[in-house]
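Everything on this sheet refers to the single structure shown next.
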Amino acid sequence: MDAYNKITTSTSYDDVNKQLGEPNSINESVFSGTTTLIAVYMNKDMTQFATITFTNNAVSSKTETNLK
């Protein structure tokens with residue numbers, strides 16, 4: 001939860017990965033020159049996770065479930 005809380009709007013994808021590690025899942029789309037990437041970071045038993053959306057390589061939103 002501490003690492004998640006340090007992530008702010010405009011944090012880059014690379015900086016998030018330094019804090020949370022590589023994501024378990026990535027979905028990327030490009031529309032009208034805007035790249036949107038949704039990355040999901042989960043623990044081993046998949047009970048805690050964070051979903052972070054990046055727009056043009058900067059955090060635009062984030063959600064979490066059961067992080068401690």
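For clarity, every value in this text was computed on a predicted model and none was experimentally measured.
In this structure, L20 is not a member of the same hydrophobic cluster as L67, with clusters built from ILVMFWY side-chain heavy atoms closer than 4.5 Å.
Taking every heavy atom of both residues into account, Q48 and N66 meet most closely at CG-O, 3.1 Å. Between S10 and A58 the shortest heavy-atom distance is CA-CB, 3.7 Å.
Between T35 and F54, every side-chain heavy-atom pair lies at or beyond the 4.5 Å cut-off.
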Yes or no on side-chain contact (heavy atoms from CB on, under 4.5 Å) for V59 and T8, after CA distance, side-chain angles and deciding distance? CA-CA 7 Å; V59 172; T8 62; over 6 Å; no

Start with the C-alpha gap between T55 and T34, add the side-chain angles, then the distance that decides, and say whether side-chain contact (heavy atoms from CB on, under 4.5 Å) holds. CA-CA 7 Å; T55 303; T34 300; 3.6 Å; yes

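Note that the OG atom of S29 and the CD1 atom of I38 stand 7.0 Å from one another [nearest 0.5 Å]. Between atom CG of residue N24 and atom CG of residue N43 there is a gap of 8.5 Å, rounded to the nearest 0.5 Å. To the nearest 0.5 Å, atoms CZ (F49) and OG1 (T63) are separated by 7.0 Å. The OG1 atom of T11 sits 11.5 Å away from atom NZ of K18, with the distance rounded to the nearest 0.5 Å.
No donor-acceptor contact under 3.5 angstrom links the side chains of S12 and D14, judged on distance only.
Remark: the backbone N or O of Y4 is paired with a side-chain donor or acceptor of K62 at under 3.5 angstrom.
Screening V16, L37, V40 for a side chain to side chain contact (heavy atoms under 4.5 Å, CB included) with I52, the sole residue that qualifies is V16.
Remark: D2 CG is loosely packed, at most 12 non-hydrogen atoms of other residues, nucleotides or ligands lying under 6.0 Å away.
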